[in-house]
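Down below is the structure, laid out as structure tokens.
Read the numbers this way: they start at 1 and go in the same order the structure lists the ligands and their atoms.
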Amino acid sequence: MADDDGPLYLGFDLSTQQLKAIVVNSNLKTVVQAKVDFDGDFARRYGIHKGVHVREETGEVFAPVAMWLESVDLVLDRLYRNTPVSLSRICGISGSGQQHGSVYWNDQAPKLLGSLTPDRSLASQLSAALAHEWSPNWQDQSTQKECDAFDAELGDREKLAEATGSGAHHRFTGPQIMRLRKALPQMYASTSRISLVSSFLASVLLGSIAPLDIGDVCGMNLWDVPNQRYSPALLALAGGTEGAEDLRSKLGEPQVDGGAPLGRISEYFVRRYGFSPRCQIVPFTGDNPATILALPLRPLDAIVSLGTSTTFLMNTPRYKPDGSYHFFNHPTNKGHYMFMLCYKNGGLAREKVRDALPPTGGTADWQAFNEAVLTTPPLGMVNDEDKAKLGLYFYLRETVPNIRAGTWRFHCDADGSNLQEAPAWPREVDPRIIVESQALSMRLRARKLVHSPRNDLPAQPRRIYLVGGGSLNPAIARVIGDVLGGVDGVYKLDVGGNACALGGAYKALWALEREPGQTFDQVIAPRWKEEGSIERVDRGYREGTYEQYGSVLGAFGQMEKTLLAAETD
Ligand code: XUL
């Protein structure tokens, strides 16, 4: 199909701070993109900062839903004005939303969604469809009591993780719903449907309430993953003893096939922006599940996202839940899962270590940090008799594992024995130790999911893809390769901040161009060109070095356990 007359696909990403839209053609080439920046475009009107309101006293973090509605009109307006092609060529739309956030619709919603007039804005017509003007955000921390109840409901935290793929987390939608039901009983009673941010955006485009997505439904602590149904006990916990069925109908059943179109686009968008009336809306998913759709990510490949926080993502057929990490249904591959580690102490923690380095007399900050990383030997061991240095650098309470803020330095023998608190070491050693520590934590937790990629090599990922700000740092790429391996190399993914929106656009393409039974990978992989999409930044697995880190992995876990135990004493 020629690039200039074939079908186009649109992917959205409704994240905390922006709404992005990206249009690709059947060859995965980006045709046009547009974005709305909430602070830049709306800070004055909505009084938000970094896209949200924060109520320090309660730990609540929430966003105005009307602002998102305004953003949909604004981003389409920008797309419409800038596009070199007609939006009528767009055959399918999908996308992503920040995970865990929820939107509360009242009983007017179906009527209002279905009768939008193109000469008035979405916000002016749909604000009346909301039971609650706010959407709780994933940064919210107001639900400790509810999390304790979730962790206890099925026995303990590990049992909850076995059932729902995750232990209870403040941001997860089940604990959030439980809190809102008690805090705002009238609002909850007047809610007829609850959407996740992903299905909210799909609903607006569809002109009716869209079902939840099969990947995103796992970010609630309500979906029983092994049995693929809502957990009646957890529905009753969140919705109230008599309210389990009511909550089930508020949520609705998710759509199992992430590639089955939900229906045609609402007439509002046809008349206002020139979309084709045949354009299909495909289920939207969470931003993390959408990230793994931005490239053909095979089992044994991993994505490390190095932003303010750090996330580690894998596509795996193995379901091995644990209270400190997450399993979600894979958004497109039935029977596969997305494994996710989500660390709070990522880029900011590295920055603090950088800022504590002795002044260098003019050397750029990261240059000094990187030099320190690259001139310090693995584990700070100059020779075999040296102690291996291990540290934890948490500027915020961490979730993986749940350890308080603080800095700890330990050491052990090369074989991992004799772990002890270490005497202070020079500050120039810290840059390597913090990056190693972040990578060791990922290796420790991903080890149940990896196996030997080939020829008796030790178990490790095949390829590691880096995204986010930290992916530009060669010293970090080197340590990731040293510690995590990656027999086929470490790569930087060159999609800027657009991975989730791109994943959404590819999902729409897959949904509409797949032959019966064709998987996402079978459709996307042959069209995906490495050139221009990825760049190899480290060779990955180094024999000897990888094994050296393997010897201290147990000691690293022991260090975490020691600190956890000290906290509960
Ligand atoms: C994941 C999470 C964040 C948000 C960011 O569990 O809460 O990564 O998805 O939008």
Side-chain angles (χ1 to χ4, degrees), residues 12-20 35 37-38 48 50-52 59-63 68 71 95-103 135-143 147 150 161 164-176 196-201 212-213 215-223 225 284-294 303-314 321-331 337-348 396-400 402 442 445 467-470 497-501 503-504:
F12 282 103
D13 174 38
L14 176 43
S15 72
T16 311
Q17 301 196 50
Q18 292 183 331
L19 175 64
K20 295 194 193 104
K35 71 173 183 203
D37 182 87
F38 300 146
I48 40 117
K50 296 200 182 285
V52 291
E60 286 164 285
V61 183
F62 48 94
W68 293 345
S71 304
S96 69
Q98 51 186 287
Q99 290 199 264
H100 321 295
S102 41
V103 174
S135 172
N137 177 266
W138 60 276
Q139 296 164 99
D140 184 286
Q141 306 220 22
S142 66
T143 54
C147 284
F150 265 76
T164 69
S166 303
H169 290 272
H170 292 143
R171 64 193 191 281
F172 273 49
T173 327
Q176 289 288 339
L196 291 172
V197 177
S198 56
S199 63
F200 156 77
L201 190 47
L212 303 188
D213 167 72
D216 223 10
V217 76
C218 301
M220 307 176 82
N221 282 136
L222 294 173
W223 187 253
V225 177
F284 283 47
T285 188
D287 49 1
N288 294 296
T291 300
I292 67 171
L293 303 181
I303 296 182
V304 180
S305 168
L306 298 159
T308 311
S309 58
T310 299
T311 50
F312 177 93
L313 308 168
M314 277 184 86
D322 179 290
S324 61
Y325 44 75
H326 311 289
F327 275 90
F328 301 119
N329 287 323
H330 190 287
Y337 304 93
M338 187 185 86
F339 167 75
M340 178 168 83
L341 295 165
C342 196
Y343 295 92
K344 284 195 185 157
N345 293 286
L348 205 58
L396 300 168
R397 173 175 276 279
E398 185 47 79
T399 39
V400 194
N402 189 355
M442 296 182 225
R445 288 164 174 103
V467 295
N498 288 334
C500 335

Check: Thr399 side chain, Cys342 main-chain N or O, donor-acceptor pair, under 3.5 Å
yes

When you compare the side chains of Ser198 and Asp213, does any donor N or O come within less than 3.5 Å of an acceptor on the partner?
no

When you look at Phe284 and Phe200, which way does the side-chain contact (heavy atoms from CB on, under 4.5 Å) test go after all the steps?
CA-CA 9 Å; Phe284 283 47; Phe200 156 77; over 6 Å; no

For the residue pair Phe327 and Tyr337, categorise the inter-ring angle as parallel (less than 30°), tilted (30 to 60°) or perpendicular (more than 60°).
perpendicular

d(Trp223 CH2, Thr164 OG1) to nearest 0.5 Å is 12.5 Å

Using only atom types and a distance under 3.5 Å, with no angle test, would you say the side chain of Asp140 pairs donor to acceptor with the backbone of Phe62?
no

Quick check for students: name every N or O atom pair between ligand 1 and the protein closer than 3.5 Å, with distances.
{"from": "ligand 1", "atom 1": "6 (O)", "to": "His100", "atom 2": "NE2", "distance (Å)": "2.6"}
{"from": "ligand 1", "atom 1": "6 (O)", "to": "Arg171", "atom 2": "NE", "distance (Å)": "3.1"}
{"from": "ligand 1", "atom 1": "6 (O)", "to": "Arg171", "atom 2": "NH2", "distance (Å)": "2.8"}
{"from": "ligand 1", "atom 1": "7 (O)", "to": "His100", "atom 2": "NE2", "distance (Å)": "3.3"}
{"from": "ligand 1", "atom 1": "7 (O)", "to": "Arg171", "atom 2": "NE", "distance (Å)": "2.7"}
{"from": "ligand 1", "atom 1": "8 (O)", "to": "Asn288", "atom 2": "ND2", "distance (Å)": "3.1"}
{"from": "ligand 1", "atom 1": "9 (O)", "to": "Gln99", "atom 2": "N", "distance (Å)": "3.3"}
{"from": "ligand 1", "atom 1": "9 (O)", "to": "Asp287", "atom 2": "OD1", "distance (Å)": "2.7"}
{"from": "ligand 1", "atom 1": "9 (O)", "to": "Asp287", "atom 2": "OD2", "distance (Å)": "3.3"}
{"from": "ligand 1", "atom 1": "9 (O)", "to": "Asn288", "atom 2": "ND2", "distance (Å)": "3.2"}
{"from": "ligand 1", "atom 1": "10 (O)", "to": "Asp287", "atom 2": "OD2", "distance (Å)": "2.4"}

